[in-house]
Protein chains: 2
Amino acid sequence: MAETRRKPGPRRALTEREIVDAALALLDAGGAEAASIRRIAAAVGVAPNAVYTYFPDKAAVERALVERILEDVQAPAEGDWRPAVEALAIGLRSRLVAHPGAVPLMLGGPMDGPHALRLGELLLDLLAASGLDAASAARASYTLMVYVLGAAALEVADGPPGPLPPEAERIAARHAALGEVPAQAFPRTAAATGVMATWVGTEQFLWGLRRVLDGLEAAAK
Amino acid sequence: MAETRRKPGPRRALTEREIVDAALALLDAGGAEAASIRRIAAAVGVAPNAVYTYFPDKAAVERALVERILEDVQAPAEGDWRPAVEALAIGLRSRLVAHPGAVPLMLGGPMDGPHALRLGELLLDLLAASGLDAASAARASYTLMVYVLGAAALEVADGPPGPLPPEAERIAARHAALGEVPAQAFPRTAAATGVMATWVGTEQFLWGLRRVLDGLEAAAK
DNA sequence: GGGTAACTCTGCACGGCGTACAAGATTGGA
DNA sequence: TCCAATCTTGTACGCCGTGCAGAGTTACCC
């Protein structure tokens, strides 16, 4: 086959990884609008259009960013399917809320990269061991993905931090103290959906997750 | 109280509603990037910055757009809580997938407009009649919102239409024939989550919705 | 009726965005 | 040593959101 002999031309000053890491840092620090091609290029010290040597367009950078985040979602330990699925869901959510700016990117395009596929297959394997038939396991997998991504999206939907009402301030501080949810991810959205702000966050996520799993388990009977 | 006497100045050439309707038409026709302030202004026949007489900034237009869509989500008929909740969820989803470009906007900011609150309260009322205590009803309401919005987001995540693989073409045609999901909303995303493309759409939505409701009903016992 | 203050819309401009194109610099292989 | 491939840069284009000054229009007060 074609061997990997170096091709002519100057050596690359960067790697795709360096670019994605810089983009992720900018995204975490300044939100979506901070992760522009021009600022990413400035962060790694090249001209803006040099980025196009590594990625065909901005959408490709964003896809790589999503993959970069999914990359460090850990597979849960072996064991019963239900705690394993729960652990996987918790792990995925924690990576998402750790990078609030990336959640819209995940929901904004098809998730078909290697790590997305890996997690999808993993989830499917776990559910196949639950007693659900193959078709239902696939549907259950999609249902869970909807829940985890939807929960992360709603948690993150409030955008950059602004003046919060006093009650919200207190809650945001509690979340921050738990070290799980950055303060800017505090969901004002919760008010519109009828749930008291106090409950949102990990607790609310787990409550809903367990109801979903109850429904799936009942279908497996 | 302060009566509504007209203030000095020329009469407005437009209404907020006309602007929002034009924005929605552009959004449906050309996706998110077609709904720019400049193009909205051109569509209604004014200079770009005239829009700022009606809305303080683009985010306000987007919030109004979201409200405009939630506005025609119908309240379900009276009756048992479970079919009513199901009907509400189906109705909300149908409005969302009818305007794919608006889904990222809904997930991109706090949903605290009047119609969002109306739907939240409606859902909460229905769940309060399910046997769940008040706290659980609120959590259940949030959980369902996560499911419905998350499902819409994943369905819509594939972006503007492009060349589809043959299998996908067939499915997209089926969806279009059902008259429910525009062809461009066909979810390639489904592949990554392990569910066969055939199942995605209304059927998949309902399957997952019923599992979630099963879990909630069991909690109500 | 005339003056005034409020209001709406326009022209212009700014800075930022993604990205196309051509030219120069750098490298390996013939 | 030259060639061809490759990378980076300078420059430029068209778009974006939106601030500012000015011109035109209207309702109220005298």
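Values below: all heavy atoms of this structure, side chains included; hydrogens, waters and symmetry mates excluded.
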Can you list the steps and then say if B:Leu127 with B:Val85 is a side-chain contact (heavy atoms from CB on, under 4.5 Å)? CA-CA 8 Å; B:Leu127 288 165; B:Val85 168; 4.3 Å; yes

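Between the side chain of B:Tyr54 and the backbone N or O of B:Arg12 there is no donor-acceptor pair closer than 3.5 Å. Without hydrogens or angle criteria, A:Tyr147 side chain to B:Val146 main chain gives no donor-acceptor distance under 3.5 Å.
Residues A:Ile69 and A:Ala102 come closest through the heavy atom pair CD1-CB, 3.2 Å.
Straight-line distance from the CG atom of A:Asp57 to the P atom of C:dC17: 17 Å, rounded to whole Å. The CD1 atom of B:Ile19 sits 12 Å away from the P atom of C:dT8 (whole-angstrom rounding). Whole-Å rounding puts the A:Glu16 CD to D:dC7 P distance at 10 Å. Across the protein-nucleic acid pair, B:Ile40 atom CD1 and D:dT18 atom P stand 11 Å apart, rounded to whole Å. When the P atom of C:dC17 is taken as reference, atom CD1 of B:Ile37 falls 19 Å away, rounded to whole Å. Between the C1' atom of D:dC16 and the CD atom of B:Glu62 lies a distance of 13 Å, rounded to the nearest Å.
Distance from the side chain of B:Lys58 is smallest for D:dG17 among the nucleotides D:dG17, C:dC17, D:dT9. Checking C:dC17, D:dT8, C:dT10 against the side-chain heavy atoms of B:Ala50 singles out C:dT10 as nearest.
If you run side-chain contact (heavy atoms from CB on, under 4.5 Å) between B:Val148 and each of B:Val212, B:Leu88, B:Leu92, B:Thr143, only B:Leu92 comes through.
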Indicate for each nucleotide in nucleotides 22-30 of chain C, in 5' to 3' sequence, whether protein heavy atoms under 4.0 Å reach the base (B), only the sugar-phosphate (S), or nothing (-). ----BBSS-

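Here A:Tyr52 does not reach the OP1 or OP2 of C:dC21: none of its side-chain N or O atoms lies under 4.0 Å away.
A:Phe55 comes within 4.0 angstrom of no nucleic acid atom, judged by non-hydrogen atoms across all strands. Backbone-only contact: B:Arg12 has heavy atoms under 4.0 Å from sugar-phosphate atoms and none from a base. Base contact: A:Thr53 has a heavy atom under 4.0 Å from a base atom.
Side-chain atoms of B:Arg95 and B:Leu70, non-hydrogen and from C-beta on, never get closer than 4.5 Å to each other. Here the side chains of A:Asp21 and A:Val44 are not in contact, with every heavy-atom distance at 4.5 Å or above.
Each of B:Arg38 and B:Ala13 lies near DNA chain C, and the nucleotide nearest B:Ala13 is the one positioned closer to the 5' end.
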